[in-house]
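Right, one structure below, let's go through it.
Quantities reported herein were computed from a predicted structural model and do not represent experimental measurements. The residues of the chain are indexed from 1 along the displayed sequence.
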Amino acid sequence: MKKIILPASFVFLGLVSLSLYFFSFGKDDLKVKISTATYVMPSAYKVYANPEALLGEYYFFKMLMTNDGTTSMHDVKVSYDVPGYIDWTELQTIPVIYPGQHVVVRCYPHFKDDIVKKMTESEENGEVKIEYNGGKVKKESFGFKMMGRNEFVYTDIPADEVTSYPDLMHNTQLLPCLVTPEDPIVKYYTSQVQDKFMQGEDASVESDPEKKKQAAILFLEKLYDATRTSGMVYSGTEGVPQKLGDISSTVQSARLPREVITGNTGLCIELSLMYASVIKAAGLHPVIFLIPGHAFPGVMVDNTYFAIEATGVGGKGLGSISSADQAFAAGEQELQKFIQAYRQGDTRNIVIDVNDLEAKGVVPMELSDDDFLRKKVDDIANTFSHGGAVASNNSAPVNNTHSTPRRSSGNTRRSSSGGGGGSNVASYSGSISFNYPANWTRTNYPIAGLGMLEARIQAEPTTNLGVWNIQAANPDQALYYIRGQLAARGQYITYQKINQGNGYTIYQGRTTFSGGSIQWEGVFRNGGNGVVGVTLGSSNFNSYQSLFNNIISTIR
């Protein structure tokens with residue numbers, strides 16, 4: 001019996017010892033090392049948020065967690081915040097971290113949209129919270145520099161790792177963040193340039209290769225003419241070398257395109273960013289060429305580059321002002337030198353292909369509308385008219401080629417019944433025909449200077465039909481023309497194509513103006529000398545959806 005009891009006692013003591021080791025003497029020891037971005041540029045906030053942008057190289061911070069303990073850590077939840085910019089956000093949960101295991105967590109932050117309103121540089125702090133094993137918490141803090149929205153840092157590579165000129169210019173791939181074609185102010189300015197200098201021509205819709213190139217060159221020259229006519233000058237401050245942590249870089253305070261436009265001045269890189277923004281807003285493919293100490297804008301058409309010297313508008317100490325032809329010739333000369341050096345392997349020559357980088361996630365900041373800046377664009381547009389460039393009055397030129405004789409904008413009447421099949425129905429007959437409620441009020445050519453709008457038929461001020469006759473090659477081009485004409489009048493439309501068939505193209509969209517917005521549907525087709533169509537819109541669209549569908553069914 002004693003022989004049995006003695007071995008059993010040893011087994012029991014062994015189990016007790018093992019239990020005490022795991023449950024009493026086992027320890028958890030989480031080591032954390034955070035490597036954070038030395039600075040954040042507000043203009044690139046969308047890039048920081050996207051792990052796919054430029055292969056994810058612009059993360060906010062990288063955290064290495066190491067389990068130096070003897071027990072596993074379970075349900076390890078990582079959260080972080082940056083007071084004033086990012087509320088507490090769960091970053092990742094790791095099911096288990098075994099003893100001795102390393103885990104790397106990268107943060108791609110979603111900063112609040114108002115980050116683009118930050119105008120000054122500041123030191124900021126963030127905090128990381130790590131929760132694990134059902135209640136244990138570890139906190140770590142970190143600091144970084146938040147730049148102002150206009151400040152651009154040309155590299156993020158530490159000074160002791162810089163080995164070449166491209167290293168010093170590494171962040172130039174983020175320059176498209178400062179190219180803002182969707183900025184309402186840039187779009188408004190673009191529409192004014194197109195209306196006053198291009199007479200409604202659209203360089204982006206040409207299909208013939210040679211015509212496309214000529215149209216793109218024409219747009220470059222007309223945009224230059226617009227800047228010259230408004231009295232824009234070349235001026236600015238050079239980049240200021242600064243020390244940011246362990247990164248030695250040139251930090252430049254760059255005016256945004258809207259600020260170049262409304263301030264009527266810019267340094268070479270600022271003018272190039274403005275040109276690129278307007279070129280893209282016009283539907284063309286913008287590029288920026290960088291050489292040591294200088295930048296100049298251009299456009300790419302069918303893999304062929306064209307360039308213009310935007311600084312030809314002149315300024316203090318720069319002598320005479322170049323004509324558009326001279327500015328284009330200077331740009332082409334610079335471009336040929338650029339291409340020759342580029343082919344010879346000169347890495348100081350850098351091409352910023354805006355569309356290519358945008359496809360890689362380098363997207364621009366979003367900017368809100370601004371009545372004060374819009375008024376400044378109006379003042380600039382007046383110089384287009386009065387400066388003798390192309391126009392002789394304050395109204396935008398209109399493609400007024402519809403077949404129906406023009407009537408005054410005050411020709412308003414109540415529609416009578418007839419042709420619609422009943423006393424409650426009236427008919428519109430013209431370039432396009434349809435039925436509509438007889439008690440709605442019809443006004444022919446309701447907007448002076450907007451001849452493409454043949455009629456407006458209203459139920460109430462924010463519920464109406466529009467009848468359009470536009471000199472355009474196709475419905476897509478027609479919508480583009482409408483957008484430009486309305487933008488010049490303070491109305492902004494967004495839209496998408498939803499259906500196509502039997503010769504008709506149907507769009508859905510929204511028009512925004514100072515007093516609110518209207519949702520609408522549009523039906524367009526080729527007819528006559530261009531494109532004809534009907535738009536049906538209301539601020540209370542859902543209430544009229546059924547009626548609008550009935551009207552659409554009568555279009556012929």
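A salt bridge links R228 with D225; the closest basic N to acidic carboxylate O contact falls under 4.0 Å. Residues K213 and D302 are not paired through a salt bridge, judged by the lack of any N-O separation under 4.0 Å between the basic side chain and the carboxylate.
Side-chain contact between R525 and I555 is absent, with no heavy atoms from C-beta onward closer than 4.5 Å. Residues L54 and L357 meet the side-chain proximity criterion, which asks for heavy atoms closer than 4.5 Å. No side-chain heavy atom of L479 sits less than 4.5 Å from a side-chain heavy atom of K497. Side-chain contact between Y445 and L453 is absent, with no heavy atoms from C-beta onward closer than 4.5 Å.
For D371, the CG atom counts as loosely surrounded, since its 6.0 Å shell holds 12 or fewer non-hydrogen atoms of other residues, nucleotides or ligands. Within 6.0 Å of NZ on K117 lie no more than 12 heavy atoms contributed by other residues, nucleotides or ligands.
Between F548 and Y544, the angle of the ring planes stays under 30°, which puts this pair in the parallel group of the 30/60° scheme. Taking the six-membered ring where the residue is Trp, Y507 and F524 present perpendicular rings, their angle passing 60° and hence far from 30°.
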Run L290 and L175 through side-chain contact (heavy atoms from CB on, under 4.5 Å) and show every step you take.
CA-CA 11 Å; L290 303 177; L175 281 172; 4.0 Å; yes
Can you check side-chain contact (heavy atoms from CB on, under 4.5 Å) on I115 and K112, steps first, answer last?
CA-CA 6 Å; I115 191 175; K112 296 178 181 178; 5.8 Å; no
Going through the checks in order, is the side-chain contact (heavy atoms from CB on, under 4.5 Å) test met by E366 and Y45?
CA-CA 10 Å; E366 291 187 24; Y45 75 101; 3.9 Å; yes
Pair V377-T262, side-chain contact (heavy atoms from CB on, under 4.5 Å): steps then yes or no
CA-CA 6 Å; V377 174; T262 57; 4.1 Å; yes
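Between A295 and I288 the shortest heavy-atom distance is CB-CG2, 4.4 Å. Annotation for V186 and P257: closest pair CG2-CB, 4.1 Å, computed over non-hydrogen atoms. Considering all non-hydrogen atoms of both residues, V260 and M232 come closest at O-CE, 3.5 Å.
For the residue pair Y189 / D183, no side-chain donor-acceptor distance below 3.5 Å is found, with atom types taken as modelled. Using modelled atom types and a 3.5 Å distance limit, the side chains of D378 and Y188 yield a donor-acceptor pair.
The backbone N or O of W440 lies less than 3.5 Å from no partner atom in the side chain of R442, so there is not a single donor-acceptor pair.
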